[in-house]
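First up is the structure itself, then whatever we jot down about it.
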Number of protein chains: 2
Amino acid sequence: MDKKTKQKRVELFERQCRSQGVPFTVQRRAILETVLEFDNHPTAEQVHDAVTTRFPGISRTTVYRTLETLVQMGLITKACHPGSVVRYDRRIEVHHHLVCQRCEEVVDISDERLDALPVPDTSSLGFEVFDFRVQLRGICRRCRKKE
Amino acid sequence: MDKKTKQKRVELFERQCRSQGVPFTVQRRAILETVLEFDNHPTAEQVHDAVTTRFPGISRTTVYRTLETLVQMGLITKACHPGSVVRYDRRIEVHHHLVCQRCEEVVDISDERLDALPVPDTSSLGFEVFDFRVQLRGICRRCRKKE
DNA sequence: TACCAAATGATAATGATTGTCAAGTACAAA
DNA sequence: TTTGTACTTGACAATCATTATCATTTGGTA
Ligand SMILES: [Mn+2]
Ligand SMILES: [Mn+2]
Ligand SMILES: [Zn+2]
Ligand SMILES: [Zn+2]
């Protein structure tokens with residue numbers, strides 16, 4: 001993610017904090033900046049390790065809490081993942097995922113034809129749809145080589 | 001899931017066990033039958049609780065192990081989920097999911113237009129695609145009412 | 001029926017996440 | 001700028017989910 005986009009996101013975060021009366025702390029800022037550095041789908045633990053270099057001694061608890069706050073505020077998302085560890089995603093716009101059924105890795109993919117998906121009407125279910133992700137399930141290169 | 005479909009799945013499991021030299025144990029059978037009863041996406045713990053009525057004293061460890069085995073053998077799948085608990089899915093055919101961003105519930109949805117998705121060419125990434133799922137992200141009825 | 005590789009179950013260990021609460025900080029009001 | 005206070009943070013413990021270990025049992029086969 002280029003520096004400009006990153007800065008925009010941090011500024012957006014600050015504005016949202018102000019308008020919602022949420023304190024804009026130095027820890028929260030550091031955590032957001034750190035998660036924006038990852039181009040994959042880090043766990044809270046990985047974010048904690050990484051943010052520690054920028055902010056030594058930051059609490060694991062704070063990282064867990066803040067990541068959840070950032071998701072609630074729409075500044076990052078969670079990547080749906082088959083495994084048992086929560087994974088975060090700096091990408092908030094529509095994009096898609098390759099999900100390896102062997103190693104469970106999730107890799108981003110962009111495809112305009114997938115973006116053009118006709119979203120079905122779910123109003124009869126009472127479900128309001130905001131956006132979507134396509135998960136392509138299969139086997140990644142690394143796992144195929146192992147066989 | 002109707003009795004017929006369930007029986008077919010169990011028979012398929014038995015055949016695959018025979019051909020792969022995997023013991024077809026009474027525990028494995030009970031676990032498969034139990035997970036096929038769920039019409040949502042149960043956790044291993046939920047499957048354990050349910051299978052206990054059918055097979056008292058069955059070990060939690062065996063349930064965890066067997067569910068993973070069933071996934072590897074293609075008899076059930078994992079439902080990609082934003083939370084930190086693995087969830088299983090008796091549905092193995094292409095279908096799609098509503099994912100509530102508030103309570104993280106995942107609900108099945110079928111839609112022929114979604115099924116007709118044009119799967120992009122991922123060969124340049126070395127990724128071999130078998131099938132796909134669409135996740136519609138939004139807010140479920142229950143969570144909307146709370147607001 | 002007897003053998004053996006593999007599964008099971010009891011238990012402990014690990015890993016991830018959440019709850020608690022005293023102490024510190026952001027920020028709005030004075 | 002100082003002060004008050006609601007909210008956040010960090011240390012720690014507790015909980016929840018999952019995996020490792022290994023003695024015992026069992027399914028499948030000869
Ligand atoms: Mn992503
Ligand atoms: Mn499903
Ligand atoms: Zn893989
Ligand atoms: Zn909901």
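In what follows, chains carry the letters A, B, and so on, assigned in the order in which the sequence lines appear, proteins first and then strands, with residues in each chain numbered from 1. Source: prediction; values computed, not measured.
Here the P atom of nucleotide D:dA14 and the CZ atom of A:R60 are 18 Å apart, to the nearest Å. Following rounding to the nearest Å, B:Y64 (OH) and C:dA10 (P) show an atom-to-atom distance of 16 Å. Note: OH (B:Y88) to P (D:dA17) measures 13 Å, nearest angstrom. Rounded to whole Å, atom C1' of D:dT9 lies 10 Å from atom CD1 of A:I31. In this structure, A:E45 places its CD atom 13 Å from C1' of C:dT18, rounding to the nearest Å. Going from atom CG of A:D49 over to atom C1' of C:dG15 covers 13 Å, rounded to whole Å. Spacing between atom CZ of B:R29 and atom P of D:dT26 amounts to 18 Å, rounded to whole angstrom units. The CG-P distance, from A:L67 to C:dA16, rounds to 14 Å in whole Å.
Ion pairing of B:R90 with B:E37 is absent here, as no side-chain N (NZ or NE/NH1/NH2) approaches a carboxylate O to less than 4.0 Å. By the 4.0 Å N-to-carboxylate-O rule, B:E128 lies close enough to A:R144 to be salt-bridged with it. The pair B:E93-B:R91 counts as a salt bridge, with a side-chain nitrogen and a carboxylate oxygen less than 4.0 angstrom apart.
Below 30°, between 30° and 60°, or above 60°: for B:F13 and B:F24 the angle between ring planes is above 60°, a perpendicular geometry.
The ring of A:H97 has its center no closer than 6.0 angstrom to the ring center of A:H81.
The side chain of A:T25 contributes no N or O atom lying less than 4.0 Å from OP1 or OP2 of D:dC7.
Near-neighbour residues of DNA chain C inside residues 71-83 of chain B, defined by a heavy atom below 4.0 Å, are absent.
Atom CD1 of A:I31 sits about 6.5 Å away from atom OG1 of A:T62, to the nearest 0.5 Å.
Nearest-nucleotide positions on DNA chain D for A:T66 and B:T61 put A:T66 closer to the 5' end. For the pair B:I58 and B:G21, both in contact range of DNA chain C, the more 5′-proximal nearest nucleotide belongs to B:G21. The nearest heavy atom of DNA chain C to B:P23 and to B:S84 marks one nucleotide each, and the one closer to the 5' end goes with B:P23.
Among C:dA16, C:dC27, C:dG9, the nucleotide with an atom closest to any side-chain atom of A:F24 is C:dC27. Side-chain proximity of B:R28 to C:dA26, C:dA7, D:dT18: nearest is C:dA7. With C:dG9, C:dA7, D:dT8 as the choices, the nucleotide that has an atom nearest any side-chain atom of B:Q27 turns out to be C:dG9. Distances from the side chain of B:S59 to the nucleotides C:dG9, D:dG28, D:dT18 place C:dG9 closest.
With hydrogens and angles ignored, no donor-acceptor pair under 3.5 angstrom links the side chain of A:T62 to the base of D:dT8. Under 3.5 Å, the side chain of A:R65 and the base of D:dG10 form at least one donor-acceptor pair of N or O atoms.
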(message) Could you walk me through whether B:Q135 and A:F132 satisfy the side chain to side chain contact (heavy atoms under 4.5 Å, CB included) test, starting with their C-alpha distance in whole Å, then the side-chain angles of each, then the deciding distance to 0.1 Å, before giving a yes or no?
(response) CA-CA 5 Å; B:Q135 301 186 324; A:F132 58 89; 6.0 Å; no
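At the heavy-atom level, B:R87 lies nowhere under 4.0 Å from the strands shown.
Between the side chains of A:E45 and A:Y64, at least one donor-acceptor pair of N or O atoms lies under 3.5 Å.
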